[in-house]
Amino acid sequence: MNTNTSQLYFDKASTLIPGGVNSPVRACHNVDSTPLFIFKGQGSHLMDVDGNTYIDFILSWGPMILGHSHPLVTAAIQEAAARGASYGAPCPDEVTLAEEITAALPSVEMLRMVNSGTEATMSALRLARAVTGRDKLIKFTGCYHGHADSFLAAAGSGVATLAIPGTPGVPAHVVADTLLAPYNDLEQTEELFRTHGDQIAAVIVEPVAANMGLVLPKAGFLEGLRALCTKHGALLIFDEVITGFRLAFAGAQGRFGIVPDLTTFGKIVGGGLPVGAFGGKKEYMQRIAPSGDVYQAGTLSGNPLAMAAGLATLRILKSADYEALEQRSATFANELRNILEGKGVPIQMPTIASMFCPYFCEEPVTCFADTQKADARLFTTFYKHMRDQGILLAPSAYETGMISFVHSEMDFERTLNAASQVSF
Ligand code: HOZ
């Protein structure tokens, strides 16, 4: 596949932008590749600047559940753009989008729009600290909650991909308040509460961990976290930046029937534009300025284009057949696993809703330590082979495969066909 133009862009970008990219994982560092520069996205496909087309299983790391350039979302953005890009004043779509989100997730009685998942988690933590008057936080090893200082301890996503366990620039005293437990380990979480219970403001968790590949919560794990938080007066924060409107329209909390105190959103909620949100119980959210004393702000928050894109997306998703998508995704992931198993390599293929992840290891993956047992060389071989065949998987074993409502049977067939030609 000729990717010379991408390479030219990357060479130039590398002189102007750190690592040639504006977010680390897309640099394709640990899969022995350089990034493709994209010219266009349409449905389930991306086209690069050299004119190659790819079936896209990255989907902008989650937002494009309706596929790229969905006509109704595009029309909503165009219509909004014609009325101005930003006002720095409230607009009607902010209210309507807030109404849609609060109606979909009963635990979210009130919410604040921000511009990214990072902003959402950072602000939710500040609020939890203010509400409880405590400083400490429990997060789970390998979970990723954006790049605010407090969360950059044993994080997933790019932090794991690039093996930067503690990022320079984060003051030691800040992460000293971040307590760590392995994902799915209720006992160690309980132990942290036993030792620091009266100082813990919040537990933050990805209800399905999707930044260390794809790790599903064991039965009772999320319920156990809920009970521990309630018992010790800490807030339970569900980071639904990835799972929100993907695991189900009502997110992971709807699917698993857990009521968190605060929820963070990103990705799908902005329909591909930069949007995040955090919300929860009214009594907590009313602490946010200007109704309360917890400061949080943003010039572009509630941006009219972003609100229009998010609103158009949620309106379509409201009547979308999530069950059918899950069924198609499971069948596809299962066939992919069978093909790879037939190649004689160790393979695990967790899947839930429209997400899947190949781990090249023998045992099921239940926490970050398990992900370390996967064979990185096999992953790289598979990634490169698939990309050469026109199939784009996330360029890191710590990210999740995403499927959209517009991936067709032909897309799956072509992908499985490509996979059947890999040799390790
Ligand atoms: N952190 C995101 C993935 N979970 C974005 C990665 C990127 O674009 O580099």
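Just so you know, ligand 1 is whichever comes first in the structure, and atom 1 is the first atom listed for that ligand.
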Visitor: I need the contact type for Asn211 against ligand 1. Using non-hydrogen atoms and a strict under-4.0 Å cut-off, is it side chain, backbone, both or neither?
Guide: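 Only the side chain of Asn211 comes within reach of ligand 1.
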
Visitor: Flag the pair Tyr284 / Thr132 as yes when at least one side-chain heavy-atom distance between them is below 4.5 Å, and no otherwise.
Guide: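 With C-beta onward as the side chain, the pair stays apart.
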
Visitor: State whether the shortest distance between N or O atoms of Tyr144 and N or O atoms of ligand 1 falls below 3.5 angstrom.
Guide: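 There is no such contact.
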
Visitor: Which protein heavy atom lies closest to atom 1 (N) of ligand 1, and at what distance to 0.1 Å?
Guide: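 Of every protein heavy atom, Ser157 OG, 3.1 Å lies nearest to atom 1 (N) of ligand 1.
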
Visitor: Number the atoms of ligand 1 from 1 as they appear, then name those within less than 4.0 Å of a heavy atom of Glu399, with their elements.
Guide: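 Here the atoms of ligand 1 in question are 3 (C), 4 (N).
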
Visitor: Give me the atom names and distance for the closest heavy-atom approach of Thr380 to Asn30.
Guide: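 Where Thr380 meets Asn30 most closely, the heavy atoms are OG1-O, 3.4 Å.
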
Visitor: Just one of Met355, Gln253, Glu240 clears the side-chain contact (heavy atoms from CB on, under 4.5 Å) bar with Leu247, so which one?
Guide: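 Among Met355, Gln253, Glu240, the one that satisfies the side-chain contact (heavy atoms from CB on, under 4.5 Å) with Leu247 is Met355.
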
Visitor: To the nearest 0.1 Å, how far is atom 7 (C) of ligand 1 from its closest protein heavy atom, and which atom is that?
Guide: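 Of every protein heavy atom, Ser23 OG, 3.2 Å lies nearest to atom 7 (C) of ligand 1.
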
Visitor: Using distance alone, determine whether Ile242 and ligand 1 share an N or O pair under 3.5 Å.
Guide: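 Checking ligand 1 against Ile242, no N or O pair falls under 3.5 Å apart.
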
Visitor: For atom 6 (C) of ligand 1, find the nearest protein heavy atom and state the residue, atom name and distance (0.1 Å precision).
Guide: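 Checking every protein heavy atom, the shortest distance to atom 6 (C) of ligand 1 gives Trp61 CE2, 3.7 Å.
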
Visitor: Whether the side chain of Arg226 engages the backbone of Val259 through a donor-acceptor N/O pair (distance < 3.5 Å, no angle test) should be reported.
Guide: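 Yes, the answer is positive, given that a donor and an acceptor are paired below the 3.5 Å cut-off.
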
Visitor: Can you list the ligand 1 atoms lying under 4.0 Å from a non-hydrogen atom of Pro24?
Guide: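 In order of numbering, the contacting atoms are 9 (O).
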
Visitor: Is any NZ, NE, NH1 or NH2 atom of the basic residue among Lys318 and Glu100 found under 4.0 Å from an Asp or Glu carboxylate oxygen of the other?
Guide: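 Yes, Lys318 and Glu100 are salt-bridged.
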
Visitor: Within the 4.5 Å heavy-atom criterion, are Leu66 and Val406 side-chain neighbours or not?
Guide: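 Sidechains of Val406 and Leu66: no contact.
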
